[in-house]
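One is the number of the first residue; the rest follow in order along the sequence. As a basis for the values below, the full set of heavy atoms in this structure was taken, side chains included, without hydrogen atoms, waters or symmetry mates. Here the structure is a predicted model, which is why all the values come from computation and not from measurement.
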Amino acid sequence: MRYTKDHREKTNKRIIDIAARRFRQDGIHAVGIAGLMSEAGLTHGGFYSHFKSKEDLVTTALAHALEKSLSRLKSYAKKNGDDLNALVSAYLHPAHRDKPENGCAIAAIGPELSRRPKESNAVINDLIQAFIDMIDHYLPQTLPREERHRTAMSIASLMVGAIQISRILTDDRQREAVLENGIKSALLLAQAAARP
């Protein structure tokens with residue numbers, strides 16, 4: 001059977017998409033190469049014609065997932081007020097909480113990410129910094145750069161933690177309260193930083 005020129009590229013993208021979703025849904029260690037390849041309609045042996053190792057796929061898939069998350073957040077914020085409230089509200093939304101496989105990889109598998117090899121973490125680190133920079137963009141530009149960056153880091157940490165805690169809790173009212181309070185707290189941090 002002859003394949004089109006872009007067959008390899010499409011197959012590679014399909015594997016990355018499936019891996020990005022499954023890693024966020026089930027965790028990196030719970031996902032095996034054989035199962036991923038089967039879900040992509042391929043054999044286990046074909047994996048190594050696309051990736052050097054599972055770690056290579058992890059880095060590629062998580063970078064892809066984080067880039068898509070950042071792009072969706074930016075787009076949502078632009079359409080809904082183009083401000084910090086829109087950005088934080090999009091991230092701390094029940095739909096994001098309830099569908100980790102489609103959301104932020106940092107929140108979905110943060111503890112696992114901290115255990116990745118340094119080479120892999122360099123890529124993830126750059127994307128976390130892009131997330132912080134996105135928040136920084138919505139803070140008053142009159143603030144000193146260091147203060148803006150510290151505040152953006154605090155808000156990013158609050159957002160990720162709020163999503164994680166909301167996913168863990170079993171009481172629906174508490175789950176909602178964590179998200180609502182997370183939004184309020186993030187905005188209060190921004191307001192406090194902006195005060196002279």
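- Side-chain atoms of Q191 and L188, non-hydrogen and from C-beta on, do get closer than 4.5 Å to each other.
- Salt bridge status for E147 with R150: present, with a side-chain N to carboxylate O gap under 4.0 Å.
- Under the 3.5 Å distance criterion, the side-chain polar atoms of Q141 are matched with a main-chain donor or acceptor of D136.
- Judged as a ring-ring contact (aromatic ring centres under 6.0 Å, His included), and not counting sequence neighbours, the contacts of F131 are Y91.
- In this structure, R24 contributes its side chain and A108 its backbone to no donor-acceptor pair below 3.5 Å.
- Under the 3.5 Å distance criterion, with hydrogens and angles disregarded, a donor-acceptor pair is assigned to the side chains of Q129 and D133.
- Listed for the N121 side chain is no donor-acceptor partner under 3.5 Å among the backbone atoms of I124.
- In this structure a side-chain-to-backbone donor-acceptor pair under 3.5 Å is present from S69 to G103.
- A donor-acceptor distance shorter than 3.5 angstrom exists from the side chain of S166 to the backbone of R175, with no hydrogens or angles considered.
- Of the possible polar contacts, one joining the D56 side chain to the K52 backbone as a donor-acceptor pair under 3.5 Å is found.
- The closest donor-acceptor contact from the side chain of R97 to the backbone of H93 lies at 3.5 Å or more, if one exists at all.
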Just distance, no hydrogens or angles: give the donor-acceptor pairs under 3.5 Å from side chains in residues 26-39, sequence neighbours left out.
unit_1: D26; atom_1: OD2; unit_2: R22; atom_2: NE; d: 2.9
unit_1: E39; atom_1: OE1; unit_2: R22; atom_2: NH1; d: 3.0
unit_1: E39; atom_1: OE2; unit_2: R21; atom_2: NH2; d: 2.2

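- Within the 3.5 Å criterion, the main-chain N or O of M153 finds a donor-acceptor partner in the side chain of S157.
- Put simply, the side chain of S49 gets close to the backbone of G46: a donor and an acceptor are under 3.5 Å apart.
- Checking side-chain atoms of S89 against main-chain N and O of N85 turns up a donor-acceptor pair under 3.5 Å.
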